[in-house]
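Worksheet for the structure shown next.
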Amino acid sequence: MSVTRPLDPAAVPGPVASLLRGLQGAGHRAVLVGGCVRDLVRGVEVSDWDVGTSARPEAVQALFPKTVPTGLKHGTVTVLTNGEGAGAVEVTTFRVESGYSDARRPDHVEFTDDLQADLERRDFTVNAMAWDPIADREYDPFAGRADLAAGLLRAVGDPRIRFHEDGLRPMRAARFAATLEVAIVPETFEAMGEAREQVARVAAERIRDELTKMLRAREPSRGFEVLRRSGLLAVVLPELQATVAVPQNRYHAYDVYFHTLYTCDAAPKEKPEVRLAALFHDLGKPATRAEKPDGDATFYNHQFESARLAERAMTRLRYPGDVIERVSHLVRLHMFDYRPEWSDAAVRRFLRAAGPENVADLFDLRIADNVGNGTKVGFPHYLGELSDRIEQVLASAQAFTLRDLAVDGRDVMRELKAPAGPKIGAVLERLLEEVIEHPERNDRPYLLKRLREGYTIDTESPAD
């Protein structure tokens, strides 16, 4: 059961209230709709304010000086406000829809003055509420407030029709199950499993956006379990589906799939890339699992296969290139193994491989991995010692990246009389290896002499 709250006009930012008054004063009906009403009922912070109105898009544009025609075909105009707490407000004309040949967008949109008809086209009862804070009148024709209070998610009308209209709606159901922490009523859940074809036709970017929102939940596992049990996980993330029921070894309390979910839950929600890395960190285990004679199992080098599969999944879902690179990097390195007998050079090599900017995220991923294991404490004892040693290396300004070297590519080209190219970088890498082992050698005169006397561009290695 969840606590719902009375709607309070004082909770509406001044610019949003002024916008509503402007529409109503011009003779149009105007109310808050959708997610903002749901969140006000829940008593949580509203991130986006949405207004429904009987005014046609051109009338909205004429009423307000700063607008963006974000979706005129579907009746949406974004009104830019200058006030605190509002920013851009989407104003959408009441409408009815028909024909969904692409399983996402309506083929035909008809504007209407009927608020009830507009609410009937929405996905879930908790999103089909409206409120006029000026008159302080609430509209809840499908008992969305009661469903919120009961912790339930229910489609408006026939869920099969709702999901056939828009293949993204089953994904939204899974996301809301996680972010609102609600249970999906049986009829709506069953219809999700029958909508695989529609979900498969949704653009990859929209699936990605729903997954991104799901990962912001306190426990993303709630949403992924909905996808698995409905049969949709195999459609949107077959790499994760492949981990289901894959047994691990005596060091783990759960199979690969549930270990992955609990690791994802334990990763910091304010770090979306760490949560993505947690979701993908063991994708390679099914392919690398080897049975031992005693019935136990090993997963040697699974981190490299996991990184490959993570990159494949994120590329398919159209994640930005920098996100793909960084998340794959975290996955590839998540099995780092510190030991107290590491030399200072070993710590510097770790920093070089990880990148100092990634160390905190790698630590967070390792802690989450331990929590998700089910048999270990959250904070591995050795991380504290490694953290102290890294701080010492950073404070001493020792070299562990090419940028830290006292010479650069121009020096190499000049001393070796060689053109620019990959061989120059190879020489710098060899110099860096030497400096990592012997920090005192990061001295410009010494390195220049080393280039002149000890390196050739043909071999890219020290001469005898």
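No hydrogens, no waters, no symmetry mates; every other heavy atom, side chains included, goes into these values. In what follows, residues are counted from 1 in the order of the sequence shown.
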Checking [X] side chain against [Y] main chain: does a donor-acceptor pair fall under 3.5 Å?
{"X": "Thr375", "Y": "Tyr251", "result": "yes"}
{"X": "Thr179", "Y": "Ala217", "result": "no"}
{"X": "Arg145", "Y": "Arg5", "result": "yes"}
{"X": "Arg275", "Y": "Leu215", "result": "yes"}
{"X": "Arg38", "Y": "Ala128", "result": "no"}
{"X": "Arg154", "Y": "Val126", "result": "no"}

For His334, give me all partners under ring pair (Phe, Tyr, Trp, His ring centres under 6.0 Å), at least two apart in sequence or on another chain.
His281, His302
What residues, two or more places apart in sequence or in another chain, satisfy ring pair (Phe, Tyr, Trp, His ring centres under 6.0 Å) together with Phe111?
none
Test side-chain contact (heavy atoms from CB on, under 4.5 Å) applied to Arg42 and Leu180, step by step:
CA-CA 9 Å; Arg42 295 172 62 222; Leu180 303 181; 3.4 Å; yes
Given side chains that start at C-beta, do those of [X] and [Y] come closer than 4.5 Å, heavy atoms only?
{"X": "Pro272", "Y": "Thr212", "answer": "no"}
{"X": "Val226", "Y": "Phe189", "answer": "yes"}
{"X": "Phe64", "Y": "Leu19", "answer": "yes"}
{"X": "Glu97", "Y": "His108", "answer": "no"}
{"X": "Leu386", "Y": "Trp342", "answer": "yes"}
{"X": "Leu23", "Y": "Val91", "answer": "yes"}
{"X": "Val51", "Y": "Glu90", "answer": "no"}
{"X": "Asp265", "Y": "Phe224", "answer": "no"}

Quick one: closest heavy-atom pair of [X] and [Y], and the distance?
{"X": "Val41", "Y": "Leu7", "value": "CG2-CD2, 3.8 Å"}
{"X": "Asp132", "Y": "Ala135", "value": "OD1-N, 3.3 Å"}
{"X": "Leu40", "Y": "Ala11", "value": "CD2-CB, 4.0 Å"}
{"X": "Asp136", "Y": "Pro9", "value": "CG-CG, 4.1 Å"}
{"X": "Pro170", "Y": "Ala195", "value": "CG-CB, 3.9 Å"}
{"X": "Gln303", "Y": "Val331", "value": "CB-O, 3.7 Å"}

Checking salt bridge (Lys or Arg N to Asp or Glu O under 4.0 Å) between Asp123 and each of Arg172, Arg175, Arg162, which is the one that passes?
Arg172
side-chain contact (heavy atoms from CB on, under 4.5 Å) test vs His259 passes for just one of Val256, Thr263, Leu261, Asp255, namely Thr263
Can you tell whether the side chains of [X] and [Y] come within less than 4.0 Å, N to carboxylate O?
{"X": "Arg308", "Y": "Glu311", "answer": "no"}
{"X": "Glu239", "Y": "Arg312", "answer": "yes"}
{"X": "Glu210", "Y": "Arg206", "answer": "no"}

Within a 6.0 Å radius of atom [atom1] on [X], are there more than 12 heavy atoms belonging to other residues, nucleotides or ligands?
{"X": "Glu325", "atom1": "CD", "value": "no"}
{"X": "Glu110", "atom1": "CD", "value": "no"}
{"X": "Arg137", "atom1": "CZ", "value": "no"}

Examine the side chains of [X] and [Y] and answer whether a donor and an acceptor come within less than 3.5 Å of each other.
{"X": "His28", "Y": "Asp113", "value": "no"}
{"X": "Gln198", "Y": "His164", "value": "yes"}
{"X": "Tyr338", "Y": "Glu385", "value": "yes"}
{"X": "Arg122", "Y": "Asn127", "value": "no"}
{"X": "Asp140", "Y": "Trp131", "value": "no"}
{"X": "Asp404", "Y": "Thr401", "value": "yes"}
{"X": "Thr76", "Y": "Thr70", "value": "no"}
{"X": "Thr260", "Y": "Asp282", "value": "no"}
{"X": "Glu219", "Y": "Tyr262", "value": "no"}

Yes or no on salt bridge (Lys or Arg N to Asp or Glu O under 4.0 Å) for Glu291 and Arg289, after CA distance, side-chain angles and deciding distance?
CA-CA 7 Å; Glu291 193 92 9; Arg289 188 179 189 277; 2.7 Å; yes
Say you draw a straight line from [atom1] of [X] to [atom2] of [Y]; how long is it, rounded to the nearest 0.5 Å?
{"X": "Leu153", "Y": "Glu181", "atom1": "CG", "atom2": "CD", "value": "13.0 Å"}
{"X": "Leu237", "Y": "Leu232", "atom1": "CG", "atom2": "CG", "value": "11.5 Å"}
{"X": "Asp114", "Y": "Thr112", "atom1": "CG", "atom2": "OG1", "value": "5.0 Å"}
{"X": "Met335", "Y": "Phe299", "atom1": "CE", "atom2": "CZ", "value": "10.5 Å"}

Decide side-chain contact (heavy atoms from CB on, under 4.5 Å) for Gln61 and Leu72; before the verdict, give the C-alpha distance in whole Å, the side-chain angles of both, and the deciding distance to 0.1 Å.
CA-CA 10 Å; Gln61 290 176 302; Leu72 293 182; 4.2 Å; yes
Does the side-chain contact (heavy atoms from CB on, under 4.5 Å) test come out yes or no for Lys292 and Thr298, once each step is laid out?
CA-CA 7 Å; Lys292 296 170 65 177; Thr298 62; 3.5 Å; yes
Does Arg366 make a cation-pi contact with Phe336, if we ask for NZ or CZ under 6.0 Å from the ring centre and within 45° of the axis?
yes
Assess whether salt bridge (Lys or Arg N to Asp or Glu O under 4.0 Å) is satisfied between Asp118 and Arg95, documenting all intermediate values.
CA-CA 5 Å; Asp118 183 83; Arg95 67 179 192 251; 5.7 Å; no
